[in-house]
Amino acid sequence: MEKIDIKSMTLPELKEAFASRGYESFRAKQVFQWLHCKNVNSFDEMTNISSKIKGDLTEDFYITSLKIGKRLVSKLDNTVKYLYELPDGNHVESVRMSYKHGNSVCISTQVGCKMGCSFCASTIAGFVRNLTPSEILEQVYAACKDAGQRVSNVVLMGIGEPLDNYDNVLRFLKLLSDEDGFHLSLRHVSLSTCGVVPNIYRLAEEKLQLTLSISLHAPNDEIRSRTMPVNRRWNIDELLEACRYYEQKTGRRISYEYALISGVNDSLRAAEELASRLKGTLCHVNLIPVNSVAETGYRASTKQKVFAFQKYLNDHGIPATVRRTLGADIDAACGQLRREQLDAEKS
Ligand code: SAH
């Protein structure tokens with residue numbers, strides 16, 4: 001029989017599995033807490049569980065843990081980038097950022113990505129597979145362990161498209177926020193999507209308190225379809241309609257990501273188009289000078305352009321901020337480290 005991934009199981013599932021094995025019902029909660037609060041990576045460490053049960057558990061279940069393949073610390077701002085080796089030899093990345101108010105971790109949801117955004121390093125090496133709930137979760141737990149401190153914010157903005165791995169991501173969110181587990185309020189979680197419209201509707205029905213981030217990056221279909229193939233499937237009107245639905249269902253403000261690329265989407269005309277599209281919605285725009293990735297040939301907009309773009313939006317009633325760049329010296333943009341690893345394996 002194939003072993004079961006115990007860290008991906010919810011507490012009710014664990015209770016059921018334990019009941020069917022004839023264990024006392026409180027054992028399930030104890031094991032769940034070892035996995036999600038005390039973050040152990042072996043059954044042996046569960047000191048209040050009998051050797052007999054631990055032995056049985058080892059036969060039927062396995063505990064996912066990630067090996068740190070590389071750990072890069074920025075000299076500029078204490079940002080730490082991790083390259084993790086998964087049990088099957090694949091790699092994913094996370095970034096931990098330290099702020100005055102705590103640690104924030106940016107995690108991956110897939111090995112590679114299918115979405116093909118032309119400015120993004122994650123997509124270049126192609127898609128391999130979805131991450132399991134426990135592999136997503138373990139990036140948060142491993143960052144806590146490494147920092148010796150609890151992580152207070154989680155952003156799903158690493159490698160992969162979270163809404164293309166919907167079921168596993170949703171299970172991850174439930175496990176992360178479980179009051180018997182890590183118990184992180186979803187108010188401290190952001191999920192970023194390039195615009196998988198049907199799953200924005202599905203997520204709206206869950207009425208979660210998380211922040212939905214939309215990678216918009218263009219004010220019209222002509223530019224967006226050129227830079228983001230997903231737009232050929234669901235265009236900006238369809239995407240923004242889904243966002244309005246999400247906003248109505250959850251009452252949550254949506255955050256729009258807009259990477260400014262020199263000569264592509266950074267003109268005042270683009271700012272004007274963007275402002276008119278977002279007018280009247282509950283939104284916030286995050287402007288990011290695009291991170292250069294060698295293969296893309298894109299360059300970041302100048303400081304003056306970024307400032308002018310921001311000013312136009314703010315002057316026209318659209319709250320916009322410019323995202324601070326962290327970890328600039330360690331290639332903290334998602335996907336870059338995994339690609340280096342793949343290149344190294346090839347040579
Ligand atoms: N697939 C999801 C989440 C992963 S990417 C999404 O598309 O939202 C996380 C964010 O980084 C997205 O907003 C993405 O568009 C942005 N991004 C990707 N490459 C970038 C680059 N070179 N410079 C700036 N932002 C980039």
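Whatever order the structure lists them in is the order used to number ligands and atoms, beginning at 1.
Under the 3.5 Å distance criterion, with hydrogens and angles disregarded, a donor-acceptor pair is assigned to the side chains of Tyr298 and Ser118. For Asn199 and Arg202, the side-chain atoms include at least one donor-acceptor pair closer than 3.5 Å.
Salt-bridge annotation for Glu241 and Arg244: absent, with no side-chain N of the basic residue lying under 4.0 Å from a carboxylate O of the acidic one. Salt-bridge check for Glu273 with Arg277: failed, with every basic side-chain N at 4.0 Å or more from each acidic carboxylate O.
At distances below 3.5 Å, not a single donor-acceptor pair connects side-chain atoms of Glu138 with backbone N or O atoms of Ser65.
For ligand 1, none of its N or O atoms has an N or O atom of Leu156 under 3.5 Å away. In terms of polar-atom proximity, defined here as any N/O pair under 3.5 Å, Gly160 does make such a contact with ligand 1.
Both the sub-6.0 Å distance and the 45° axial angle are satisfied by Arg150 relative to the ring of Phe182.
Heavy atoms of Gly158 approach ligand 1 to within less than 4.0 angstrom.
The Cys194 neighbourhood of ligand 1 comprises atoms 6 (C), 7 (O), 8 (O), with distances under 4.0 Å to a heavy atom of that residue. Taking every heavy atom of Ser215 and a limit of under 4.0 angstrom, the matching atoms of ligand 1 come to 6 (C), 7 (O), 8 (O), 12 (C), 13 (O), 14 (C), 15 (O). The atoms of ligand 1 that sit less than 4.0 Å from any heavy atom of Cys120 are 18 (C), 19 (N).
Residue contacts with ligand 1, taken as heavy atom pairs separated by less than 4.0 Å, involve Thr193 solely via the backbone atoms N, CA, C and O. The side chain of Glu257, and not its backbone, has at least one atom closer than 4.0 Å to an atom of ligand 1 (non-hydrogen atoms only; side chain from C-beta on).
Every side-chain contact (heavy atoms from CB on, under 4.5 Å) that His183 has, sequence neighbours left out, goes to Glu179.
Scanning His217, Gln110, Met157 for the heavy atom closest to atom 15 (O) of ligand 1 points to His217.
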